[in-house]
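We name chains A, B, ... by the order of the sequence lines, and we start the count at 1 in each one. From a predicted model like this one, the values you see are computed outputs, not experimental measurements. Reckoned from all heavy atoms, side chains included, excluding hydrogens, waters and symmetry mates.
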Amino acid sequence: MDIATLLGLFGALAVIMSSIFLGGSVSTFVNVPSIVVVVGGTFMVSLCQISLSQFFGSFKVTLRAFMHKSISPEALIEEAVTLADVARKEGILALEGHDITDPFLENGVKMCIDGHSIEIVQKMLSKDINLELQRQNTGVQMFKSIAEAAPAMGMIGTLIGLVQMLANMDDPKSIGPAMAVALLTTLYGAIIANAIALPIAAKLKAISSDERLNKLLVLESVSGIQEGVNPRVLQQLLTAYLPESKREAALSK
Amino acid sequence: MDIATLLGLFGALAVIMSSIFLGGSVSTFVNVPSIVVVVGGTFMVSLCQISLSQFFGSFKVTLRAFMHKSISPEALIEEAVTLADVARKEGILALEGHDITDPFLENGVKMCIDGHSIEIVQKMLSKDINLELQRQNTGVQMFKSIAEAAPAMGMIGTLIGLVQMLANMDDPKSIGPAMAVALLTTLYGAIIANAIALPIAAKLKAISSDERLNKLLVLESVSGIQEGVNPRVLQQLLTAYLPESKREAALSK
Amino acid sequence: MDIATLLGLFGALAVIMSSIFLGGSVSTFVNVPSIVVVVGGTFMVSLCQISLSQFFGSFKVTLRAFMHKSISPEALIEEAVTLADVARKEGILALEGHDITDPFLENGVKMCIDGHSIEIVQKMLSKDINLELQRQNTGVQMFKSIAEAAPAMGMIGTLIGLVQMLANMDDPKSIGPAMAVALLTTLYGAIIANAIALPIAAKLKAISSDERLNKLLVLESVSGIQEGVNPRVLQQLLTAYLPESKREAALSK
Amino acid sequence: MDIATLLGLFGALAVIMSSIFLGGSVSTFVNVPSIVVVVGGTFMVSLCQISLSQFFGSFKVTLRAFMHKSISPEALIEEAVTLADVARKEGILALEGHDITDPFLENGVKMCIDGHSIEIVQKMLSKDINLELQRQNTGVQMFKSIAEAAPAMGMIGTLIGLVQMLANMDDPKSIGPAMAVALLTTLYGAIIANAIALPIAAKLKAISSDERLNKLLVLESVSGIQEGVNPRVLQQLLTAYLPESKREAALSK
Amino acid sequence: MDIATLLGLFGALAVIMSSIFLGGSVSTFVNVPSIVVVVGGTFMVSLCQISLSQFFGSFKVTLRAFMHKSISPEALIEEAVTLADVARKEGILALEGHDITDPFLENGVKMCIDGHSIEIVQKMLSKDINLELQRQNTGVQMFKSIAEAAPAMGMIGTLIGLVQMLANMDDPKSIGPAMAVALLTTLYGAIIANAIALPIAAKLKAISSDERLNKLLVLESVSGIQEGVNPRVLQQLLTAYLPESKREAALSK
């Protein structure tokens, strides 16, 4: 799990909470019906857009994505170069017993050993990358739909509160507190969207795009191994996937 | 029909209703002229954008989409592998009498039996997929246009109410209730857009994208069958369409 | 002219008008300077973005688009199949004297008769489709720019009214009516944008996309006729342009 | 210079001004600090996004674009057909001394005379078109960034004014005028964005897209001339760039 | 460092500050809890979206991008033409000892000397360009996410302040100042987003797009050198990367 994400997520909520505590009366900010409208309504609207299995599935995907520590591109390059070295010296079949860390790389190498043509291997791995990307996108979409639904439900809650308040303005003293309660749903909606759902969606997208880059690197590695490219040339080719500052180190290995 | 969608749709409305009931006077929230402006206006604006036949057609499409239970990709893969097996052993013409569940797969296989070349079959199926996608998009667009028109009509209604209230401020006591009524159209617009139209549009889009993936799977199956690909290889190729967790099960069949 | 568009356009305005009439004083909603700011300003801003000839031209295009009843795809398919039949039996030159309803189809067939190669014919028709699409897009853009300019001018008018009101708050009684007048420009802007300009832009886009589909159908027909494709195969190919429910009927002809 | 643009630009400002004059006190709408915040702030924010030379360059580009009267496509087609005629009859080298109006066409023809291959000529002209488009886009972007910055600076100015007013509410009488002043920056921002920057950006984009079409026409002309296409065929090919209503006239020449 | 950016950045803040100073009480605009909510919350939300190393890395990238003075395209063209001249006269290996200013050009030439084929060199340089673009995009994204988070946190802060104020309206005199404080977070958010984060994001994007153009120029230079294109032709080809006004000067060198 990336610590920055956890830190940011709880930090943002902590900052907001501290601002509420500093103002004194915390109880002013807790209103059960308002919470029900915003949280319940957002949940319902999100649920509506996907099937039940997808709904629970995307929480699992999310958790796995946060927990999952993806292999660094440097390690992938090193492994690919080692495999290319073996394949060039002893033939591609010599990779049969080899222990490969990354499952996607393993899958690709296995297809090469099975004797599929380069075009088939590339096509299958490419499709795998695209379809995986689409599946990960479901999680991103769900948090984005939460980020859209929460402020909308907040606004609906505030409008309901305002209408109730305006229709019964007998006691001028009650206007202030009634409006405070009405504004609470808007506040809840803004917090859920901006401090929780949007950052998670952005993080999931970043993870997914990192993984995609790693998989493209593997795709290129497998092509190189199958074609018997010189391991040094392959290494140079793959270092393009690293930022300039890390290339020196990777090439010197 | 997917139960999550129904649950979400009615759940969201129930949550909003409960928030209104908790506030006491339900009658405050019912104002016939306001309903006419928002619902009628939204209906008119949406009608304006499409032809009458499309208008009623897209409701039918919507209903069918909700009712229609699409075939699971696992079943499609199984069926395709069985067909590939027969085609490889007994020739493609042996598929003539075969009973095929999915109409799109059936259509593709029939074209193969009719002796069309691979390029023609692929081209026709691809075009079919694209044009079907465009037709389903009409339904999505209609609910999106409702989701845009409803808040706009709500705002127009509220502005009309505000102008009427501000022009006749003789009795200060009437300001509150008048403004409550004025806000009602905004509330109606927000509910129609966010709790009804947007979720349905999102759901229709998700269904359409699921079907597209299924059809791409069929397209690939038909190509494989026609080219006489080894059924095991075809199966492996098609399992890329499944999430990783379901691949094991599909391959072991 | 599509009746749904007219109905929707006038219906939306009627609904809004009825809401104003129900409130009593219609005169409150008529303010000549406000109308001048919103309508005049929107006109000027739209004019600014295009040349004078384009400005008047796009009204003509719009009117023609509304009046123009495009040929149904079924009729196009039938005509194309008849032509393909003739071309296959008597050679492509036999189409010379033939009377063809659709001008775009006629144009394509004429090019075939003139002996241009398939590549040239396809290239010219494709370019024609793309450039026509770009020209029709000018009309869509103009109504979109109106839909953006009207609320902006409405807001500018309201701000001017508010500043004038706030600067002279001597008589508290005049505040209400002054603010009512200030809000009128926002109301005008919202009505022009949401009940007139946006629906027309959406309709024009739908017409343009329908025509594009028809023209793609013709493009494919012409290719088929020139290549001497079997009329039955051509018919099957073209029915992909119809929704599933209409295919049976089209194929049985 | 296109007269519609000038008319629209000044017309929009005139309409807004007239609305202010009708309200009486013009001086209410002039507040130097407010003008400084909005105009100065918008200038600074726009400056920040580009280099100084680009900043002044894009004003020059803008002015030139407004002044520059682009050659009509009809004239271009006529010229191209004449050149194609000469090239077909007397060989491409006969175009050497020819006087060509459009510099882009001249450049293309010169490359043909220099004996570059068709691929090289097409590649160089295409790149020229794309890079020119990117350069013109800088001007569009600058006015778009002004259109984004001005309302933002207006809002910042209004917030500053509101905070100052709310913090010192001793004299209730001063609230109205203070708020009027606070709103002025929002008004300035809205006028700069909607009545000046956005229309200019839209106009620049339209000019740039017109020029692009003209250049594509030239690109096709040059290819035709170099390949020795029949002038009549070339003419027919190029008329696709004209709207249908003008084709007859162009072909009869 | 581009002076326009610095000038714009500090100028915008100076303009805003001056507007505050002119109003008198500067202390009204300083509220530590409000600063904590907006700055702290924005920091946390941005942190949440990327890993810690990326977070600090993108500040470094940003600083480098601002400091880094990219080579002018004119200088690149001159250098490329010189190299092409040498390569044509003495063979590509003669470039071995040559001192090349631009590291990307040097890298490309080195690959040519190493004897890689044209396709490999092009593929590797292209990939380098694309991946570098993606890495620079991370910095742009971070400032964009700050520009989205800051107003959101500002709104959350203002809502919290409003709820606190409305819940305790005993002393009518305190309403004004309390609301002033509540509005401060919105003001902070607007300033951070519009006067700091958005302009920097736009500037970073412009730098990145400039560099991309330079790198495409180098890519084309390297292809030309490797293919032994005539230096004069190469020069003409590369000047397309310059605006028209600078081409004459570049060609006369």
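Using a 4.5 Å cut-off between heavy atoms, C:Ala167 contacts chain D through both its backbone and its side chain. Heavy atoms closer than 4.5 Å to chain D are found nowhere in C:Met165, neither backbone nor side chain. Neither the backbone nor the side chain of D:Phe10 comes within less than 4.5 Å of any heavy atom in chain C. Interface remark: D:Ala190 contributes backbone and side-chain atoms alike to the contact with chain C (heavy atom separation under 4.5 Å). The part of D:Leu242 that comes within reach of chain C is its backbone (N, CA, C, O), which places non-hydrogen atoms under 4.5 angstrom from that chain. Using a 4.5 Å cut-off between heavy atoms, D:Val181 makes no contact with chain C at all. For C:Gln134, the part sitting under 4.5 Å from any heavy atom of chain D is the side chain, from C-beta outward, and nothing else.
With chain C as the partner, the residue from D:Leu198, D:Leu22, D:Ile191 showing the most heavy-atom pairs under 4.5 Å is D:Ile191. Considering only heavy-atom pairs separated by less than 4.5 Å from chain C, the leading option among D:Ala178, D:Ala195, D:Ser19, D:Ser18 is D:Ser19. In terms of non-hydrogen atom pairs under 4.5 Å with chain D, the most contact-rich of C:Thr138, C:Val45, C:Ile156, C:Asp114 is C:Ile156. Counting heavy-atom pairs closer than 4.5 Å to chain C, the top residue among D:Asp210, D:Thr239, D:Leu237, D:Leu9 is D:Leu237. Comparing C:Ile120, C:Ile160, C:Thr42, C:Leu159 by how many heavy-atom pairs each has under 4.5 Å with chain D, the most go to C:Ile160. Options D:Leu187, D:Leu13, D:Leu184 differ in how many heavy-atom pairs under 4.5 Å they form with chain C, and the most are formed by D:Leu187. By number of non-hydrogen pairs under 4.5 angstrom with chain D, the leading residue of C:Thr158, C:Val163, C:Asn168, C:Leu162 is C:Val163.
A donor-acceptor pair shorter than 3.5 Å cannot be found between the side chains of D:Thr28 and C:Gln164. With no hydrogens or angles considered, no side-chain donor-acceptor pair links C:Ser34 and C:Thr185 at under 3.5 Å.
By the 4.5 Å heavy-atom criterion applied to side chains, C:Leu217 and C:Leu213 are not counted as neighbours.
Of the candidates C:Asn130, C:Ile129, C:Leu131, C:Leu131 is the only one forming a side chain to side chain contact (heavy atoms under 4.5 Å, CB included) with C:Lys127. Just one residue in the list C:Arg212, C:Glu211, C:Gln141 forms a side chain to side chain donor-acceptor pair (under 3.5 Å) with C:Gln136, and that residue is C:Glu211.
By the 6.0 Å contact criterion, NZ on C:Lys144 is open, its count of non-hydrogen atoms from other residues, nucleotides or ligands being 12 or less.
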Determine, step by step, whether D:Leu125 and D:Phe104 satisfy the side-chain contact (heavy atoms from CB on, under 4.5 Å) criterion, reporting the C-alpha distance in whole Å, the side-chain angles of both residues, the deciding distance to 0.1 Å, and the verdict.
CA-CA 8 Å; D:Leu125 293 182; D:Phe104 191 63; 4.0 Å; yes

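In plain terms, the two heavy atoms of C:Gly41 and D:Val15 that are nearest each other are N-CG1, 3.9 Å.
Side-chain atoms of C:Glu79 come within 3.5 Å of backbone atoms of C:Thr101 as a donor-acceptor pair (strictly under, hydrogens ignored).
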